[in-house]
Amino acid sequence: MTSYRTHKCNELNLTHKGNKIILSGWINKKRDHGNLLFLDLRDNYGLTQCVIDKSNSIFKEIEKIPLETVVKIEGKVVERSKETINLNISTGEIEVSINTFEILGSTKELPMPIFSDQEYAEEIRLKYRFLDLRRKKIHQNIILRSKIISFIRSEMEKLGFLEFQTPILTSSSPEGARDFLVPSRLNPGKFYALPQAPQQFKQLIMVSGFDKYFQIAPCFRDEDARADRSPGEFYQLDVEMSFVEQEDVFDVFEKLFLKVFTKFSNKKILQNKFPKITYSDSMLKYGTDKPDLRNPLVISDLTEIFHRGDVKFDIFKKLVKEGSLVRCLITKNTKDKPRSFFDKIDNWAKEQGSSGLAYFTIEKSDKLTGKGPVGKFFSEDSIVEIMKLAKAEVGDTVFLSCGKKNEIQKILNMARVKLAEELDLIDNNCFSFCWIVDYPMFEKDEETKKIKFSHNPFSMPQGDIKNLDFTNPLSMKAYQYDIVCNGVELSSGAIRNHIPELMYKLFEIAGYSKSNVDEKFSGMINALSYGAPPHGGLAPGIDRIVMLLANEKNIREVTMFPMNQNAQDLMMNAPSNVSEEQLKELNLSIKKKN
RNA sequence: GGGGGUGUAGCUCAGUUGGUUAGAGCACGUGCCUGUCACGCACGGGGCCGAGGGUUCGAGUCCCUUCACUCCCGCCA
């Protein structure tokens, strides 16, 4: 109890009948009957209906107060008559008969209504975020976020993990995303970088002997935004453990995710033990390394079919001869779909920048035939073979894409999602997790043709560490893994390479000399030379976990003060110009742009 | 860096093949109304039709340029 309130706006019920009380909050809604006024008062906790009529001398005055004004109300708790009970709110059995009121905070005309479920332009929402956050749905999302983080923190502590903070001003590293740089005043011409993740620090914590670490860690990456990716900054549940193998890490996180997702959602979790899919399988079957396993559609490779003499699909055959692949998606029992359905998919594929999707439906009268624009190119024998390879049946439709591996993976990944949406195949009432494992250690940069780390340079390669074969680096796999839920990449992680000689060797393959490594990763490489334990970890994105649990499609809906797509904070006006003095102090000058 | 969508009253939106004075709901203002909970009724104020240029007798509508917001590709070890 304070001088502002004796109760909160969700608290009053019949047990308070007759009590004199004080409430403070925002005027959510008024219903003015002329001689009788209902006023819904709102605070963080709930709503209370207050009522006043013309017999009170302040009636005319209170009638005029605009919505969203902050007021203090003194009055008496009154039982509502049976017909006027409102079961939608916790205080619906009573109302407060207003005695006096005081305006605590007045309001200008609102740029956006608070009491409404309408959607609003992003620009207004972000500029007036403090108003947007008063709205019920997003207010609840932010509270949910707080509860989830708090729950995770206590679960991690129960599991014996210690929470540590790591530096925000650190050094730029050559791998990974674009860094945010911070000029150093005391070291003119030099820059700090904001951490893309506390990757090196958490490994150093392991070398320091702390055994189990976690942190709700801010991460900064200067890359372009997406619906599920905030520009600039986001939070990870950063975790690292000593003396563990991949399965030990999986064990901890499967338990944690099951607990978190059961506690904060009613949706069904499809697997208690998350399936493991190798990276190469995932790229073949789903065209992506973050497959949505709620989607039953699977990609199959049909390239071999186009070497057959009894297949007359000459355009594809020519491309296959030149090294292209053909892969397909099968939709079950779509023989009766109208022509417009198939045209729509084909047009959509063309809009995505592909050459479209060829398709035919498998039919059977006295023999098997392909119905549709390209059906006539396939003999009965070849259709039998396709049915075998793609697990297709009579009545199913085969959608074909031909091209370079990267291209068809991309388009079939998108087509898989598009077809599932069109056919309504995805059950939105469940969560489907999986691990993606066995990432390649290296990959070839298509532009520079050079070999680079495909994921994380600190990952441990698979195989007999003492006798690793470095002659074919592109075939090396790493103990590197991702966890995916409903097609959202929640995190990546790895068992780390804690052996300095091996680290130098791997960096050499990626084009870094020993002295280069010593300079760029000095903290890490030096530490590994003084008795480093085997260790590994994971770092799930907090924002994305909350997004899934709040059933939101955009990360701004679970972020309190997000930036817009151009990485601007419209409310605080960031980024902004700075004074000449500030620049001078930092030894910086701004190049004029013409 | 590239592609798509959107931009009309404070907010959400409608606005026909180019044709009089650009509309509705909510919000705001005035009046009526004592049981509403999306209260109701009547009246009213409020518009550089994102900005600039062009075509035309005439542009919210057609063309060009540009800006803002957003979604996607690239990028994100």
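In what follows, chains are A, B, ... by sequence order, proteins preceding strands, each numbered from 1.
Between A:W435 and A:F250, the two ring planes are parallel [angle under 30°; tilted spans 30° to 60°]. Note on ring orientation: taking the six-membered ring where Trp is involved, the planes of A:Y512 and A:F521 are perpendicular (angle over 60°, cut-offs 30° and 60°).
B:U17 and B:C13 have their P atoms separated by 22 Å, given to the nearest Å. A distance of about 15 Å separates the P atoms of B:A27 and B:C11, rounded to the whole Å. For the C1' atoms, the distance linking B:A59 with B:U16 amounts to 15 Å, nearest Å.
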Dot-bracket encoding per residue of RNA chain B, Watson-Crick/G-U cut-off under 3.5 Å, | denoting interstrand
(((((((..((((.....[...)))).(((((.......))))).....(((((..]....))))))))))))....
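For A:Q49, counting side-chain heavy atoms from C-beta on, the closest listed nucleotide (B:C72, B:C37, B:C28) is B:C37. With B:C33, B:C76, B:G35 as the candidates, the nucleotide lying closest to the side chain of A:R80 is B:G35. Comparing B:U70, B:G35, B:G74 by their nearest atom to the side chain of A:D224 picks out B:G74.
Among the heavy atoms of the strands, none lies under 4.0 Å from A:S173. Looking at heavy-atom distances under 4.0 Å, A:Q196 makes no contact with the nucleic acid at all. Looking at heavy-atom distances under 4.0 Å, A:R125 makes no contact with the nucleic acid at all. At a threshold of 4.0 angstrom between heavy atoms, the contacts of A:E443 with the nucleic acid are absent. A:P111 comes within contact range of the sugar-phosphate backbone alone, with a heavy-atom separation under 4.0 Å but no base atom that close. Across all strands, A:F453 comes closer than 4.0 Å only to sugar-phosphate atoms, never to a base (heavy-atom distances). As judged by a 4.0 angstrom heavy-atom cut-off over every strand, A:D222 is placed among residues making no nucleic acid contact. The residue A:Q565 sits close to a base: some heavy atom pair falls under 4.0 Å.
Within the 3.5 Å criterion, the main-chain N or O of A:N564 finds no donor-acceptor partner in the side chain of A:R556.
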Evaluation steps, salt bridge (Lys or Arg N to Asp or Glu O under 4.0 Å), between A:D132 and A:R125:
CA-CA 6 Å; A:D132 194 31; A:R125 294 187 59 192; 2.8 Å; yes
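The base of B:G25 is not paired with the side chain of A:Q118 by any donor and acceptor separated by under 3.5 Å. Side-chain atoms of A:E123 stay outside donor-acceptor range of the base of B:U70, with no qualifying N/O pair under 3.5 Å. Between the base of B:C76 and the side chain of A:R221 there is no donor-acceptor pair shorter than 3.5 Å.
The side-chain hydrogen bond (donor to acceptor under 3.5 Å, both in side chains) test with A:E240 is passed by exactly one of A:Q199, A:R496, A:Q203: A:R496.
Along RNA chain B, the nucleotide nearest to A:I124 and the one nearest to A:E83 differ in position, and the one closer to the 5' end is contacted by A:I124. Residue order along RNA chain B, read from the 5' end via each residue's closest nucleotide, puts A:N554 first among A:N554 and A:K452.
Aromatic ring centres of A:F38 and A:H33 lie closer together than 6.0 Å.
Under the rule for a ring pair (Phe, Tyr, Trp, His ring centres under 6.0 Å), A:Y479 has no partner lying at least two apart in sequence or in another chain.
A salt bridge links A:D40 with A:R31; the closest basic N to acidic carboxylate O contact falls under 4.0 Å.
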I'd like a list of close polar pairs between nucleotides 38-40 of chain B and the protein, N/O only, cut-off under 3.5 Å.
unit_1, atom_1, unit_2, atom_2, d
B:C39, OP1, A:K29, NZ, 3.1
B:C39, OP2, A:R31, NH1, 3.2
B:C39, N4, A:D32, O, 2.0
B:C39, N4, A:H33, N, 3.3

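Figure legend: A:K505 and A:F470 shown as a cation-pi pair, the cationic atom lying under 6.0 angstrom from the six-membered ring centre and within 45 degrees of its axis.
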